[in-house]
Amino acid sequence: MSDAVASPHHDAGRDREVPARVVVEAAISWFSRARRDLPWREDDASAWSILVSEVMLQQTPVVRVLPRWQEWMERWPTPADLADAATADVLRAWDRLGYPRRALRLQECARAIVAEHGGEVPRGEEALRSLPGIGEYTAAAVTAFAHHGRAVVVDTNIRRVLARARRGRALPDRSYSAAERALATAMLPADREESVAWNQSVMELGALVCTARAPRCEQCPLAEVGCTWYAAGRPAPEEDTRRRQPFEGTDRQLRGRIMALLREHGSAEPEQLAALDPADPARVVRCATSLLSDGLAVRDPQSVTSAQDTARTQDEQDLPALRLP
DNA sequence: AATTCGGGGCA
DNA sequence: TGCCCAGAATT
């Protein structure tokens with residue numbers, strides 16, 4: 001950087017910062033021709049169907065959500081439909097989207113909407129936030145995309161785009177920070193309709209172009225217009241010493257295997273459960289207990305293996321037979 | 001602020 | 001194999 005003037009009273013970098021308006025307009029223009037046709041973006045998509053898509057999309061890629069969402073909306077098109085469903089059917093329909101507690105909460109959400117909001121998805125982020133499984137992001141997303149309201153939507157895509165375009169960083173902060181929220185708030189257009197378009201556009205930009213790995217800067221509408229990170233030569237991220245949680249051999253994986261058993265057969269005997277990890281029976285007990293605690297499984301009183309069966313090993317006696325709730 | 005909570009596909 | 005994905009709830 002060769003700044004002509006560098007004084008304590010003159011921040012050259014800030015002076016050359018591209019106005020937010022320019023970035024907003026470039027993103028919206030790009031979106032109008034590059035947007036994906038996703039079913040929950042159709043004009044006739046209900047607020048409930050959009051809410052369902054947002055919950056399914058929490059930590060789950062679009063391509064994997066698509067088929068599940070289609071089936072789900074055909075089967076349970078309204079909150080009342082899902083509220084009346086058997087929870088076991090809900091968990092089976094969730095299939096392998098992951099984090100099955102989301103399915104449980106989505107049904108709780110449907111029941112709350114029926115009980116407290118007359119079966120209609122409520123308006124307002126505060127009311128949405130009070131629903132099970134709806135956090136800061138989803139409340140804002142439903143407000144913007146279902147109700148076409150002005151809301152500060154910040155997901156992993158938007159965090160990354162703003163980090164690069166406006167902060168000159170390769171990656172967002174490790175956890176959603178006050179600085180990121182302030183930046184997103186400052187970027188949000190005052191006009192309601194434009195704010196909706198911006199939210200959609202910047203999110204899509206992060207998903208399709210400004211990706212986490214191998215960003216496609218050559219086709220980015222912000223590159224030449226004023227992306228701080230691009231202008232700085234795309235500096236590499238700072239060394240991340242954080243170690244991500246492994247998956248192989250974790251409770252998460254074993255819980256997933258137990259849920260897969262329950263989805264397929266409806267129930268599981270202690271022997272079946274123990275066989276999932278013969279080397280560590282205590283882990284199986286721990287995971288079965290946590291699934292019971294989460295309400296993802298219940299004890300199966302119809303089990304053919306009763307608790308007083310003396311043929312069972314000690315570990316198996318600590319394991320209840322499980323079935324879907 | 002840090003952890004826990006699935007699962008699959010791709011570099 | 002490591003990393004990432006339209007986060008929420010709990011501590």
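Being a predicted model, the structure only gives us computed values, none of them experimental. In what follows, every heavy atom counts, from backbone to side chain, and hydrogens, waters and symmetry copies are set aside. Note on naming: letters A, B, ... go to the chains in the order of the sequence lines (proteins, then strands), and numbering restarts at 1 for each one.
- Side-chain N/O atoms of A/Arg101 include none lying less than 4.0 angstrom from OP1 or OP2 on C/dA8.
- When the side-chain nitrogen and oxygen atoms of A/Thr156 are compared with OP1 and OP2 of C/dC5, one or more of them lie within a distance under 4.0 Å.
- Two residues, A/Tyr176 and A/Arg263, neighbour DNA chain B, and the one matched to the more 5' nucleotide by heavy-atom proximity is A/Tyr176.
- At a non-hydrogen distance threshold of 4.0 Å, A/Gln59, A/Thr60, A/Pro61, A/Arg64 from residues 51-78 of chain A come into contact with DNA chain B.
- For A/Asp95 and B/dG7, the CG to C1' distance is 11 Å, given to the nearest whole Å.
- Between A/Gln200 atom CD and C/dA6 atom P the separation is 13 Å, expressed in whole Å.
- For the P atoms, the distance from B/dA11 to C/dA6 is 15 Å, rounded to whole Å.
- Computed from coordinates, the A/Leu205 CG to C/dA6 C1' distance equals 14 Å when rounded to whole Å.
- Contacts of A/Trp40 with the nucleic acid, taken as non-hydrogen atoms under 4.0 Å apart, include base atoms.
- Spacing between atom CG of A/Asp155 and atom P of C/dG7 amounts to 5 Å, rounded to whole angstrom units.
- The CG atom of A/Leu91 sits 12 Å away from the P atom of B/dG6 (whole-angstrom rounding).
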Look for any protein N or O under 3.5 Å of an N or O in nucleotides 9-11 of chain C and output each such pair with its distance, or none.
from: C/dA9; atom 1: OP1; to: A/Gly133; atom 2: N; distance (Å): 2.7

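- Among residues two or more places apart in sequence or in another chain, the salt bridge (Lys or Arg N to Asp or Glu O under 4.0 Å) test is passed with A/Asp280 by none.
- Side-chain N/O atoms of A/Glu54 and A/Tyr137 include a donor and acceptor closer than 3.5 Å.
- In this structure, A/Leu104 atom CG and C/dA8 atom P are separated by 17 Å, rounded to whole Å.
- Following rounding to the nearest Å, A/Arg213 (CZ) and C/dT1 (P) show an atom-to-atom distance of 16 Å.
- Using a 4.0 Å heavy-atom cutoff across all strands shown, A/Arg159 reaches no nucleic acid atom at all.
- Under 3.5 Å, the side chain of A/Arg252 and the base of B/dG6 form at least one donor-acceptor pair of N or O atoms.
- Screening residues 222-237 of chain A for side-chain hydrogen bond (donor to acceptor under 3.5 Å, both in side chains), with sequence neighbours left out, gives no hits.
- With sequence neighbours excluded, the residues that form a side-chain contact (heavy atoms from CB on, under 4.5 Å) with A/Thr78 are A/Ala80, A/Asp81.
- A donor-acceptor contact shorter than 3.5 Å is absent between the side chain of A/Arg159 and the backbone of A/Glu180.
- No hydrogens or angles considered: a donor-acceptor pair under 3.5 Å links the side chains of A/Thr60 and A/Arg102.
- With rounding to whole Å, A/Leu208 atom CG is found 13 Å from C/dC5 atom C1'.
- In this structure, the side chain of A/Arg160 engages the main chain of A/Cys210 through a donor-acceptor pair within 3.5 Å.
- For the side-chain contact (heavy atoms from CB on, under 4.5 Å) test with A/Pro221, the passing option among A/Val23, A/Leu205, A/Ile28 is A/Leu205; the others fail.
- Residue pairs meeting the salt bridge (charged side-chain N to carboxylate O under 4.0 Å, His left out) criterion with at least one member in residues 26-41 of chain A, sequence neighbours excluded, are A/Arg36-A/Glu204, A/Arg41-A/Glu204.
- Side-chain N/O atoms of A/Arg160 include one lying less than 4.0 angstrom from OP1 or OP2 on C/dC5.
- Residue contacts for A/Leu254: at a heavy-atom cut-off of 4.0 Å it reaches no nucleic acid atom on any strand shown.
- Heavy-atom distances to DNA chain C give each of A/Ala212 and A/Thr138 a nearest nucleotide, and the one nearer the 5′ end belongs to A/Ala212.
- Using modelled atom types, one side-chain atom of A/Asn199 and one backbone atom of A/Ala151 make a donor-acceptor pair closer than 3.5 Å.
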